[in-house]
A.B. asks: 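Structure below; questions to follow.
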Amino acid sequence: MSLFNTQNIRIYNSLSGEKEVFKPLNEGYVGMYVCGPTVYSNVHLGNVRTFMSFDVVFRYLKHLDYKVRYVRNITDAGHLENDADEGEDRIAKKARLESIEPMEVVQRYTVDFHNILNEFNFLPPSIEPTATGHIIEQIEIIKSIIDNGFAYEVNGSVYFDIHKYNASKEYGILSKRKLEDLIHNTRALDGQSDKKNPQDFALWKKAEPQHIMRWPSPWSDGFPGWHLECTAMSTKYLGEQFDIHGGGMDLKFPHHECEIAQAEATNNKSPVNYWMHANMLIMNGKKMAKSTGNFILPNEIFSGDNPHITKAYLPSVARFFMLQAHYRSILDFTNNGLLASEKGFFRLMDAINIIDDLKISSTSSFDVNTWKQKCYDAMNDDFNTPILIATLFDAAKFINQVKDGSATITKEDLELLKQTIETFTFDILGLVNVSKENSGTDKLSGAVEILIKLRKEARLNKNFALSDKIRDELAEVGIQLNDSREGTTFTTS
RNA sequence: GACAAGGUGGCUGAAUGGUUAAGGCGACGGAUUGCAAAUCCGUUAUCUAUGAGUUCGAAUCUCAUCCUUGUCUCCA
């Protein structure tokens, strides 16, 4: 019997606005698509948060014995710079600025993206397709949409006819917008003569002579529109209908709305059963933006090289910090929050790392099976990682009590506790175990051990002036001595 | 301006109709220590932006007001 038979997941579906029991189209199999990054610059930390949320979803579904195909694309063709102007694409623009080939930009930032995600201990998706590798598929979809009467060609470009679509379908079904409101709110655009209506969006754009990224098509040498790649790649690898589609809240409109319209216009089917949207990351209570300086790059968290943070943080600490908030809540990225999470993270790790040293008793004062189900309940409830972490701390407290002698545990329960806490902490949350102690190099450890020995002798001789001098001066260079009954260890900061 | 999500303790962040509103950090008290730090244990919101309403009962539903974030235009 597979685990998914005993655990019922409920997912908040953006389409319905409610939590729904998750039932995949094919029992035992899950198809999941997440909109990946546009690789024209370093990956945005908020984007990392979104992908982290879905990394945990992926990990949990796999843990429940589902066979998951997780597709996360790389957008290497660039979205249109501005739908209203010549349709310059972000990657081509960046390439010209830096005088390099477009694919060089793509290569550089794809590598950066993968490096950052590796640091954060992400699982690679099952398929990571690129937009430029699926131009043919995108052209085929455009043909179908034209054949079905929902798109029109003007001067070598093809546009999706929103008004025609809305006559028989519902444009705005995901973002709860009404076409009338959109019309009312659309500003007058100048030089916008090709489209029948301002709400229409491009499926294919004819390339200007100077445009570097271009492909032949029945309509012109050009490039695909901004929303098409996700429809093409999700359909190709997951089918006309699949289970979960995820992305950042900012993509809900128009990107995901257009994906639905494109798929409906092609296959006359709603493409996705469960739409999931991760909320935004802000910093110090404000929007994170390069232009205001309220900004941090992911690798600056690891190096500490950013004015908004006071020290370097382990990737797992940052990961723990983000998972302490629910994916549908706005998360405020602050140095104080990181500091608090760092302490909590090490507290959890310390508890896990002493499990093997615990004394076994003939009875348990803790109901491990009930606690284990609480862990599942947390994740089953729309992947509620903050509740899961709180539950893990229940176990951490119990572990410390056993160590203290104020609680007891049997051999069998200890086995179950250890296995469960490690599964949820490392396999599902994707945290990486670390021991704070003896984190220095071998040579440093040897040198500090000598000082610890000297200090111990001084203390035995009640030469506290000397012992405190050793302790304080080590602290000044960032080496913290930790006394306990068992002896003295040290940590470096 | 329109639409969407949200405003919970010193900070962070869960809980969406029903006993004492999770957890982490901090603070305070205790254990430990020669004294500290580290570690461990315990305590810590008569109350959920503001005002009104629905209900036997609301943080949770409704309305209004204020504020924040997002989208509507490139931005994760």
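Just so it is clear, the values below take in all heavy atoms, side chains as well, and ignore hydrogens, waters and symmetry mates. All chains are named by letter (A, B, ...) in the order of the sequence lines, taking the proteins before the strands, and each is independently numbered beginning at 1.
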A.B. asks: Here's a test of your reading of the structure: between A:Phe464 and A:Phe321, which maps to the more 5' nucleotide of RNA chain B?
C.D. replies: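 The answer here is A:Phe321.
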
A.B. asks: Rounded to the nearest Å, what distance is computed from the CG atom of residue A:Asn279 to the C1' atom of nucleotide B:U12?
C.D. replies: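 One finds 16 Å between C1' of B:U12 and CG of A:Asn279, rounded.
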
A.B. asks: Output the rounded distance in Å from CZ (A:Phe201) to P (B:C74).
C.D. replies: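 Distance, rounded to whole Å: 13 Å.
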
A.B. asks: Give a yes or no on whether the ring-centroid distance for A:Trp275 and A:His256 is below 6.0 angstrom.
C.D. replies: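 So the answer is yes for these two rings.
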
A.B. asks: Rounding to an integer number of angstrom, what distance separates B:A14 and B:G9 when you compare their P atoms?
C.D. replies: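 Result for the P pair: 13 Å, nearest Å.
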
A.B. asks: Please say whether more than 12 non-hydrogen atoms of neighbouring residues, nucleotides or ligands are located less than 6.0 Å from NZ in A:Lys169.
C.D. replies: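 Result for NZ/A:Lys169: enclosed.
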
A.B. asks: Using atom P in both nucleotides, what's the gap between B:A58 and B:A52 to the nearest angstrom?
C.D. replies: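 Going atom to atom, P in each nucleotide, I get 14 Å.
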
A.B. asks: With A:Arg49, which residues qualify under side-chain hydrogen bond (donor to acceptor under 3.5 Å, both in side chains), at least two apart?
C.D. replies: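 Once residues adjacent in sequence are excluded, A:Arg49 has no partner under the side-chain hydrogen bond (donor to acceptor under 3.5 Å, both in side chains) criterion.
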
A.B. asks: Please report the distance separating the C1' of B:A31 from the corresponding atom of B:U48, rounded so that it comes out in whole Å.
C.D. replies: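 Those two atoms are separated by 35 Å.
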
A.B. asks: Would you say the ring centroid of A:Phe160 lies under 6.0 angstrom from that of A:Tyr165?
C.D. replies: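 Aromatic pair counts; centres sit under 6.0 Å.
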
A.B. asks: Would you kindly give the CD-to-P distance between A:Glu257 and B:C72, to the nearest whole Å?
C.D. replies: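 After rounding, the gap between these two atoms is 13 Å.
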
A.B. asks: Identify all side-chain donor-acceptor contacts of residues 375-392 of chain A below 3.5 Å with residues at least two apart in sequence or on another chain.
C.D. replies:
{"unit_1": "A:Tyr376", "atom_1": "OH", "unit_2": "A:His63", "atom_2": "NE2", "d": "2.7"}
{"unit_1": "A:Asp377", "atom_1": "OD1", "unit_2": "A:Gln373", "atom_2": "NE2", "d": "2.9"}
{"unit_1": "A:Asn380", "atom_1": "OD1", "unit_2": "A:Tyr60", "atom_2": "OH", "d": "2.6"}
{"unit_1": "A:Asn380", "atom_1": "ND2", "unit_2": "A:Gln7", "atom_2": "OE1", "d": "2.9"}
{"unit_1": "A:Asn380", "atom_1": "ND2", "unit_2": "A:Tyr376", "atom_2": "O", "d": "3.2"}
{"unit_1": "A:Asp381", "atom_1": "OD1", "unit_2": "A:Lys19", "atom_2": "NZ", "d": "2.9"}
{"unit_1": "A:Asp382", "atom_1": "OD1", "unit_2": "A:Tyr12", "atom_2": "N", "d": "3.1"}
{"unit_1": "A:Asp382", "atom_1": "OD1", "unit_2": "A:Tyr327", "atom_2": "OH", "d": "2.7"}
{"unit_1": "A:Asp382", "atom_1": "OD2", "unit_2": "A:His326", "atom_2": "NE2", "d": "3.4"}
{"unit_1": "A:Asp382", "atom_1": "OD2", "unit_2": "A:Tyr327", "atom_2": "OH", "d": "3.3"}
{"unit_1": "A:Asp382", "atom_1": "OD2", "unit_2": "A:Arg328", "atom_2": "NE", "d": "2.7"}
{"unit_1": "A:Asp382", "atom_1": "OD2", "unit_2": "A:Arg328", "atom_2": "NH2", "d": "2.9"}
{"unit_1": "A:Asn384", "atom_1": "OD1", "unit_2": "A:Ile387", "atom_2": "N", "d": "3.2"}
{"unit_1": "A:Thr385", "atom_1": "OG1", "unit_2": "A:Leu323", "atom_2": "O", "d": "2.7"}
{"unit_1": "A:Thr391", "atom_1": "OG1", "unit_2": "A:Ile387", "atom_2": "O", "d": "2.8"}

A.B. asks: What interatomic distance, in whole Å, is found between C1' of B:A15 and the corresponding atom of B:G7?
C.D. replies: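 Taking atom C1' in both B:G7 and B:A15, they lie 16 Å apart.
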
A.B. asks: What about A:Phe22 and A:Tyr274, are their ring centers closer than 6.0 Å?
C.D. replies: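 Ring centres of A:Tyr274 and A:Phe22 closer than 6.0 Å.
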
A.B. asks: Roughly how many Å is it from CG in A:Leu174 to C1' in B:C3, rounded to a whole number?
C.D. replies: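 Computing the A:Leu174:CG to B:C3:C1' distance gives 13 Å.
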
A.B. asks: What is the distance, rounded to the nearest whole Å, between atom NE2 of A:His256 and atom C1' of B:A4?
C.D. replies: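 Rounded to whole Å, this separation is 15 Å.
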
A.B. asks: With C1' as the reference atom in both, quote the distance from B:C61 to B:C28 in angstrom, rounded to an integer.
C.D. replies: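 Taking atom C1' in both B:C61 and B:C28, they lie 39 Å apart.
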
A.B. asks: C1' atom, B:G30 versus B:U62: distance in rounded Å?
C.D. replies: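 49 Å, rounded to whole Å.
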
A.B. asks: Can you list, in residue-number order, the parts of residues 370-384 of chain A that come under 4.0 Å of RNA chain B, counting heavy atoms only?
C.D. replies: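 Contacting residues: A:Asn384.
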
A.B. asks: What one-letter contact string describes nucleotides 20-27 of chain B from 5' to 3', where B marks a base within less than 4.0 Å of any protein heavy atom, S marks contact via sugar-phosphate atoms alone, and - marks no contact?
C.D. replies: --BBSSS-

A.B. asks: Would you please name every residue forming a side-chain hydrogen bond (donor to acceptor under 3.5 Å, both in side chains) with A:Lys469, sequence neighbours left out?
C.D. replies: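 Checked A:Lys469 against side-chain hydrogen bond (donor to acceptor under 3.5 Å, both in side chains); matches are A:Glu473.
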
A.B. asks: With rounding to whole Å, what would you report as the distance between B:G6 and B:A59 at their C1' atoms?
C.D. replies: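 Roughly 13 Å separates the two C1' atoms.
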
A.B. asks: Could you list all N or O pairs between the protein and nucleotides 35-37 of chain B that sit under 3.5 Å apart?
C.D. replies:
{"unit_1": "B:C35", "atom_1": "N3", "unit_2": "A:Arg471", "atom_2": "NH2", "d": "2.3"}
{"unit_1": "B:C35", "atom_1": "N4", "unit_2": "A:Arg471", "atom_2": "NH2", "d": "2.9"}
{"unit_1": "B:A36", "atom_1": "N6", "unit_2": "A:Asp483", "atom_2": "OD2", "d": "2.5"}
{"unit_1": "B:A36", "atom_1": "N1", "unit_2": "A:Arg471", "atom_2": "NE", "d": "3.2"}
{"unit_1": "B:A36", "atom_1": "N3", "unit_2": "A:Arg471", "atom_2": "NE", "d": "3.4"}
{"unit_1": "B:A36", "atom_1": "N3", "unit_2": "A:Arg471", "atom_2": "NH1", "d": "3.2"}
{"unit_1": "B:A36", "atom_1": "N3", "unit_2": "A:Arg471", "atom_2": "NH2", "d": "3.4"}
{"unit_1": "B:A37", "atom_1": "O2'", "unit_2": "A:Gln480", "atom_2": "NE2", "d": "3.1"}
{"unit_1": "B:A37", "atom_1": "N1", "unit_2": "A:Asp483", "atom_2": "N", "d": "3.1"}
{"unit_1": "B:A37", "atom_1": "N1", "unit_2": "A:Asp483", "atom_2": "O", "d": "3.4"}

A.B. asks: Which comes earlier along RNA chain B counting from the 5' end, the contact point of A:Leu331 or that of A:His44, where each point is its nearest nucleotide?
C.D. replies: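 Looking at the nearest nucleotide for each, A:Leu331 comes out on the 5' side.
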
A.B. asks: Look at the side chain of A:Ile330 and decide which nucleotide, out of B:U69, B:G70, B:G42, has an atom nearest to it.
C.D. replies: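 Closest of the options to the side chain of A:Ile330: B:U69.
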
A.B. asks: Less than 6.0 Å separating the ring centroids of A:Phe201 and A:His227?
C.D. replies: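 Here the rings of A:His227 and A:Phe201 have centres that are less than 6.0 Å from each other.
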
A.B. asks: Once Watson-Crick and G-U wobble pairs under 3.5 Å are found, how is RNA chain B written in dot-bracket notation, 5' to 3', with | for any base paired to another strand?
C.D. replies: (((((((..(((.....[....)))((((((.......))))))....(((((..]....))))))))))))....

A.B. asks: Distance check needed: B:G70 P versus A:Asn294 CG, whole Å only.
C.D. replies: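 It is 11 Å, rounded to the nearest whole Å.
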
A.B. asks: With the side chain of A:Asn400 defined as its heavy atoms from C-beta on, choose the nearest nucleotide among B:C41, B:G34, B:G13.
C.D. replies: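 For A:Asn400, the side-chain atoms sit closest to B:C41.
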
A.B. asks: Side chain of A:Trp226: nearest nucleotide among B:U69, B:C74, B:A76?
C.D. replies: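 The nucleotide sitting nearest to the side chain is B:C74.
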
A.B. asks: Could you give the NZ-to-P distance, from A:Lys403 to B:C41, as a whole number of Å?
C.D. replies: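 Value for this atom pair: 9 Å.
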
A.B. asks: Under the side chain to side chain contact (heavy atoms under 4.5 Å, CB included) test, which residues partner A:His44, sequence neighbours left out?
C.D. replies: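 A:His44: side chain to side chain contact (heavy atoms under 4.5 Å, CB included) contacts with A:Asn47, A:Met288, A:Phe295.
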
A.B. asks: Excluding sequence neighbours, so at least two apart, what forms ring-ring contact (aromatic ring centres under 6.0 Å, His included) with A:Phe398?
C.D. replies: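 Checked A:Phe398 against ring-ring contact (aromatic ring centres under 6.0 Å, His included); matches are A:Phe366.
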
A.B. asks: Check the distance between B:U69's C1' and A:Phe333's CZ and give it to me in whole angstrom.
C.D. replies: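 My rounded result for the distance is 17 Å.
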
A.B. asks: Taking only residues two or more places apart in sequence, or in another chain, which ones meet A:Phe345 in a ring-ring contact (aromatic ring centres under 6.0 Å, His included)?
C.D. replies: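 Checked A:Phe345 against ring-ring contact (aromatic ring centres under 6.0 Å, His included); matches are A:Phe320.
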
A.B. asks: According to side chain to side chain contact (heavy atoms under 4.5 Å, CB included), who are the partners of A:Ser364, at least two apart in sequence or on a separate chain?
C.D. replies: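 Only A:Ile409, A:Thr410, A:Asp413 meet the side chain to side chain contact (heavy atoms under 4.5 Å, CB included) criterion with A:Ser364.
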
A.B. asks: Taking side-chain hydrogen bond (donor to acceptor under 3.5 Å, both in side chains) as the definition, give me every residue that meets it alongside A:Thr488, ordered by chain and number, with sequence neighbours left out.
C.D. replies: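 Counting only residues at least two positions away or on another chain, A:Thr488 forms a side-chain hydrogen bond (donor to acceptor under 3.5 Å, both in side chains) with A:Asp483.
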
